[in-house]
Each structure stands twice: as C-alpha cells, then as structure tokens.
Amino acid sequence: MRILSIDYGKKRTGLAVTDPMQIIAGGLTTVDTKELLAYIVNYVGREPVETIVIGLPTQPNGQPSENQARVRSFTGELKKALPNIEVEFYDERFTSVMAHQVMLDSGLGRKRRQDKALVDEISATIILQNYLENKRAKGL
C-alpha cells in the first residue's frame, strides 16, 4: 500500500506518493485546493493508500503558522471522508526552501523554478521523503 503526502496551500496543494513498497517518494501532482478532497477520495478509490501524511505548517520558532488552522480543518474533513486511512501530521518547516534548492541543484531554468505548482509538488515529495526516513530511523 502507498503513503500519500500533502503540502496544503490556500490556493493549490502539492501531492506526492510512495511506490507500493513504500521505498521511494515521488511527486504526484498539484491540485486546486478547492478540488483537493474530491481528488484524494478519487485517488484512494484507484490506488491502495495506507497512510496520508499532511505537512503541518509551523513557524521556525515552533508556533503555528497562519495556514495551520486551514490544514487542521481540512484534516477533519479528510478523516470523515476516509475514516479507514490513517492521517498523520509531519513538520513541514523549510520544505519550500528545500524545494527551491532541489530545483536549483537539478539545473532547472529560471522560468521553471518560478512555477509555484512545481514547488508545491516538490515540497510534498520532500515531506514524504523525510517522513519515510524518520519512519525507517525509528525502525517502523
């Protein structure tokens, strides 16, 4: 079964998913946030998903960010829509910065690096990769 990760945004949301063996995280897509719940329910209907990991937006000092209330509200809706799937939060601090660095390191041109949808998808992938590494480190 797969693990799906969400980098929730006010306007658009990046999604990433593991392979069925939960070894590799890869970008899935970016979705208009208004269509996110329907997209995830549809995706889970096609692909077996064991866990959904949602990036929890927190300020560097550990305080909730402005977006955290929206993330928690959406998470409540998600849990109602998919009660049999485990939903976990994962600290997403600095993922956008890391996504931009990944884009620079990969040699993407300036115009492509300004694609906010791509940044969101890469951020979701980083959240998921970090989640997987943390899970492995704990021996889970």
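Of the possible polar contacts, one joining the Ser65 side chain to the Pro57 backbone as a donor-acceptor pair under 3.5 Å is found. With Asn67 contributing its side chain and Tyr8 its backbone, the two residues share a donor-acceptor pair below 3.5 Å. Side-chain atoms of Thr125 never come within 3.5 Å of backbone atoms of Ala16 as a donor-acceptor pair (strictly under, hydrogens ignored). With hydrogens and angles ignored, the 3.5 Å screen pairs no side-chain donor or acceptor of Asp7 with any backbone N or O of Gly14.
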Please table the atom pairs, donor to acceptor, closer than 3.5 Å between any side-chain atom in residues 44-55 and protein atoms at least two apart or in another chain.
unit_1, atom_1, unit_2, atom_2, d
Arg46, NH1, Asn42, OD1, 3.3
Glu47, OE1, Arg2, NE, 3.0
Glu47, OE1, Arg2, NH2, 3.4
Glu50, OE2, Gln22, NE2, 3.3

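Between Thr29 and Glu121, the shortest heavy-atom distance links the atoms CA-OE1, 3.5 Å. Smallest separation of non-hydrogen atoms from Ile24 and Leu132: C-CD1, 4.4 Å.
Looking only at side-chain heavy atoms (C-beta outward), Phe89 and Thr75 come within less than 4.5 Å of each other. When side chains are defined from C-beta on, Phe74 does not count as touching Thr33, because their heavy atoms never get closer than 4.5 Å.
Note: Asp19 CG to Ile3 CD1 = 9.5 Å, rounded to the nearest 0.5 Å. For the atom pair Leu36 CG and Arg12 CZ, the distance stands at 13.0 Å (nearest 0.5 Å). We find the CD1-OG1 distance between Ile23 and Thr18 to be 9.0 Å, quoted to the nearest 0.5 Å. Between the CE atom in Met1 and the CD1 atom in Ile85 there is a gap of 6.5 Å [rounded to 0.5 Å]. Note that NZ of Lys135 is 14.5 Å distant from CG of Asn130, once rounded to the nearest 0.5 Å.
When the options Thr13, Leu4, Val31 are evaluated for a side chain to side chain contact (heavy atoms under 4.5 Å, CB included) with Ile40, the one that passes is Leu4.
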| message | Please determine whether side-chain contact (heavy atoms from CB on, under 4.5 Å) holds for the pair Leu15 and Ile6, giving the CA-CA distance in whole Å, both sets of side-chain angles, and the decisive distance to 0.1 Å. | response | CA-CA 5 Å; Leu15 299 171; Ile6 300 171; 3.6 Å; yes
